[in-house]
**Student:** 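Below you will find the structure I want to go over with you.
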Amino acid sequence: MNIQPKRRHLLVVLVSVLTLSFASIALATATSGRMYKGENPIQPPNDICGEAIIRDVADNVGNTFSSSNGTCWSPVLTNPGVLGVRVHGYRDGVYCGSAGYVYNSSITSGIGVGSKLCSNPSGFQNFHSVSLHRVWNGSSYTSLGTVTSPSQTY
Amino acid sequence: MRGKLLGMAAIAAGAIAILTLVNPALSDTRDFGPVPEEAFVVGTEINADLVPDFVEYAGHSDGVIGYVAKGDIMWVDGEEPPEGPIPVVDRELNVIGHDVPGRGFVPLGADPADIAPVTSTTILYD
């Protein structure tokens with residue numbers, strides 16, 4: 001079939017757009033990445049980082065990490081009970097519920113909780129996770145706010 | 001003519017004021033709805049300023065079964081949301097049940113122990 005160059009270019013662009021559109025729906029996981037939330041009061045100057053994820057399929061995950069000062073990707077082991085995390089789930093902006101708080105029960109660099117908080121009816125919906133983070137300061141837990149995941153469509 | 005119009009406006013304003021006192025719902029500006037997509041700011045807090053006072057709530061069902069106060073599910077004005085069960089209300093703000101973390105919706109009068117817990121996984125990182 002002989003397609004004129006201009007129309008062929010248009011066809012390539014159209015196919016690319018459609019492919020990317022389907023790819024974004026088919027992608028299994030959407031993550032906020034690890035976000036700085038505050039200093040580790042037990043082990044300064046190390047950092048506490050939080051992460052919110054939508055995992056395949058419509059699985060809400062929240063993580064709290066302890067990491068070296070200035071980065072969220074250099075794990076620092078912490079004692080049991082120091083790190084806490086909770087996760088909330090949303091579907092098309094509707095609140096589904098929460099899981100957590102959970103705390104690290106052993107020496108670890110991070111603690112996470114995952115749960116399919118929302119139902120996933122037929123058709124396409126946008127899902128979000130919102131993670132909440134805590135750290136032990138020696139006498140009580142300090143809340144470090146939340147992290148929001150990107151949306152993921154299922 | 002102008003005097004008549006001013007008089008009518010004053011009467012109307014007075015009537016509205018009286019009705020407002022009698023029926024507070026007329027001055028109720030609380031709103032209901034889902035969290036708008038633009039409020040989900042990736043990597044940080046939900047922008048609570050864009051969120052309705054009462055957020056649509058589904059629990060684990062396919063549809064909306066009630067509403068939860070936004071301060072009960074997200075940080076608002078520096079206040080952390082509560083950790084425990086939160087009330088679920090109808091449009092008239094009558095409590096119809098609670099959202100119990102790890103269990104979901106527990107109707108008013110039901111025992112949370114009778115509601116199957118939502119499966120969750122704890123992850124430990126080295």
Side-chain angles (χ1 to χ4, degrees), chain A residues 30-35 50-52 59-61 63-66 75 77 83 85-122 126 128 130 132 134 143 145-151, chain B residues 33-48 50-52 54-70 72-75 78-86 88 98-106 115 117-126:
Chain A
T31 176
S32 63
R34 298 186 184 188
M35 310 304 296
E51 181 181 29
D59 192 3
N60 306 104
V61 175
N63 294 317
T64 300
F65 298 99
S66 175
L77 293 174
L83 305 174
V85 69
R86 183 179 176 189
V87 69
H88 292 185
Y90 292 83
R91 184 190 66 229
D92 288 341
V94 178
Y95 183 67
C96 303
S98 70
Y101 275 95
V102 296
Y103 300 91
N104 62 314
S105 54
S106 58
I107 296 175
T108 60
S109 67
I111 178 74
V113 64
S115 186
K116 295 187 180 187
L117 295 166
C118 304
S119 71
N120 186 15
S122 60
N126 285 329
H128 281 277
V130 176
L132 295 81
R134 281 182 174 173
S143 292
T146 66
V147 176
T148 303
S149 80
S151 72
Chain B
V35 176
E37 184 58 31
E38 59 266 29
F40 290 105
V41 183
V42 176
T44 186
E45 325 289 330
I46 290 177
N47 185 347
L50 301 179
V51 178
F54 289 87
V55 174
E56 291 178 355
Y57 171 78
H60 206 71
S61 62
D62 291 352
V64 175
I65 59 178
Y67 304 88
V68 290
K70 71 174 174 181
D72 283 348
I73 60 172
M74 63 187 65
W75 285 72
E79 292 284 330
E80 182 183 13
E83 187 173 350
I86 59 172
V88 180
H98 293 81
D99 175 74
V100 177
R103 286 200 186 269
F105 181 64
V106 178
I115 309 293
V118 176
T119 303
S120 68
T121 307
T122 300
I123 311 156
L124 295 174
Y125 296 92
D126 292 332

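Remember, it's a predicted structure, so these values are computed and weren't measured experimentally. Below, read A as the first sequence line, B as the second, and so on, with proteins coming before strands; counting in each chain starts at 1. Computed over heavy atoms, backbone and side chain alike; hydrogens, waters and symmetry mates excluded.
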**Student:** Below 4.5 Å from any heavy atom of chain A, which atoms of B:Val41 appear? Answer side chain, backbone, both or neither.
**Tutor:**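 Contact with chain A is through the backbone of B:Val41 alone.
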
**Student:** Sort out for me which residue in A:Asn63, A:Thr108, A:Leu83 forms a side-chain contact (heavy atoms from CB on, under 4.5 Å) with B:Tyr125.
**Tutor:**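 Considering A:Asn63, A:Thr108, A:Leu83, a side-chain contact (heavy atoms from CB on, under 4.5 Å) with B:Tyr125 is found only for A:Asn63.
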
**Student:** With chain B as the partner, which of A:Ala99, A:Pro75, A:Cys118 has the greatest number of non-hydrogen pairs under 4.5 Å?
**Tutor:**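 The answer is A:Cys118.
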
**Student:** Applying side-chain contact (heavy atoms from CB on, under 4.5 Å) between B:Ile123 and each of A:Val61, A:Ile111, A:Val113, report the one that passes.
**Tutor:**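 With B:Ile123 as partner, side-chain contact (heavy atoms from CB on, under 4.5 Å) holds for just one option, A:Val61.
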
**Student:** Considering all heavy atoms of both residues, which atom of A:Thr146 and which atom of B:Ile46 are nearest to each other, and what is their separation?
**Tutor:**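 A:Thr146 and B:Ile46 have their closest heavy atoms at OG1-N, 4.3 Å.
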
**Student:** Less than 4.5 Å to any heavy atom of chain A: does that hold for the side chain of B:Ser61, its backbone, both, or neither?
**Tutor:**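 When you check distances to chain A, only backbone atoms of B:Ser61 fall under 4.5 Å.
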
**Student:** Return the option, out of A:Cys96, A:Gly97, A:Ser32, with the maximum number of heavy-atom pairs under 4.5 Å with chain B.
**Tutor:**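 Highest number of heavy-atom pairs under 4.5 Å: A:Cys96.
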
**Student:** Which bit of B:Pro101 comes within less than 4.5 Å of chain A, counting heavy atoms only: side chain, backbone, both or neither?
**Tutor:**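 Both parts, backbone and side chain.
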
**Student:** Give me the atom names and distance for the closest heavy-atom approach of A:Asp92 to B:Pro34.
**Tutor:**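 Smallest heavy-atom distance, with atoms named: O-CB, 3.7 Å.
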
**Student:** To check you understand the geometry: which heavy-atom pair defines the closest contact between A:Ser98 and B:Asp99, and what is its length?
**Tutor:**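 Heavy atoms only, the tightest pair is N-OD2, 4.4 Å.
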
**Student:** If every non-hydrogen atom of A:Tyr90 is compared with every non-hydrogen atom of B:Val35, which pair is closest and at what distance?
**Tutor:**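 The answer is CE2-CG2, 3.8 Å.
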
**Student:** Using non-hydrogen atoms only, which part of A:Val102 is less than 4.5 Å away from chain B: side chain, backbone, both, or neither?
**Tutor:**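 Side chain only.
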
**Student:** Could you check which of A:Arg91, A:Glu51, A:His88, A:Lys116 has the highest count of heavy-atom pairs closer than 4.5 Å to chain B?
**Tutor:**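 Looking at each option in turn, the highest pair count goes to A:Arg91.
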
**Student:** Using non-hydrogen atoms only, which part of B:Glu80 is less than 4.5 Å away from chain A: side chain, backbone, both, or neither?
**Tutor:**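 Looking at B:Glu80, just its side chain touches chain A.
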
**Student:** Could you check which of B:Thr121, B:Asp126, B:Val68 has the highest count of heavy-atom pairs closer than 4.5 Å to chain A?
**Tutor:**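 Greatest number of close heavy-atom pairs with chain A: B:Thr121.
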
**Student:** Kindly check if the number of other-residue, nucleotide or ligand heavy atoms within 6.0 Å of CD (B:Glu79) is above 12?
**Tutor:**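 Atom CD in B:Glu79 is not packed in, count stays at 12 or less.
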
**Student:** Check whether any side-chain N or O of A:Ser115 sits under 3.5 Å from a backbone N or O of B:Thr119 as a donor-acceptor pair, and report yes or no.
**Tutor:**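 Side chain of A:Ser115 to backbone of B:Thr119, a donor-acceptor pair under 3.5 Å: yes, one is there.
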
**Student:** Return the minimal non-hydrogen interatomic distance between B:Glu45 and A:Thr148, and the atom names on each side.
**Tutor:**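 The answer is C-OG1, 3.8 Å.
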
**Student:** Is it the backbone or the side chain of A:Thr31 that comes under 4.5 Å from a heavy atom of chain B, or both, or neither?
**Tutor:**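 A:Thr31 has no heavy atom closer than 4.5 Å to chain B.
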
**Student:** Taking every non-hydrogen pair under 4.5 Å, which of A:Arg34, A:Met35, A:His128 racks up the most with chain B?
**Tutor:**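 So the answer, after comparing A:Arg34, A:Met35, A:His128, is A:His128.
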
**Student:** Might you point out which heavy atoms bring B:Pro82 and A:Arg86 nearest each other, and give the distance in Å?
**Tutor:**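 Residues B:Pro82 and A:Arg86, closest heavy atoms: O-NH1, 3.1 Å.
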
**Student:** So which of B:Ala58, B:Ser120, B:Gly43 has the largest heavy-atom pair count under 4.5 angstrom toward chain A?
**Tutor:**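 Maximum pair count with chain A is reached by B:Gly43.
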
**Student:** Given heavy-atom pairs under 4.5 angstrom as the criterion, report whether the side chain, backbone, both or neither of B:Ile86 touches chain A.
**Tutor:**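 Just its side chain gets close to chain A.
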
**Student:** Give the member of B:Val55, B:Thr44, B:Val100, B:Thr122 that has the highest number of heavy-atom pairs under 4.5 Å with chain A.
**Tutor:**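 With the most close heavy-atom pairs to chain A, the winner is B:Thr44.
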
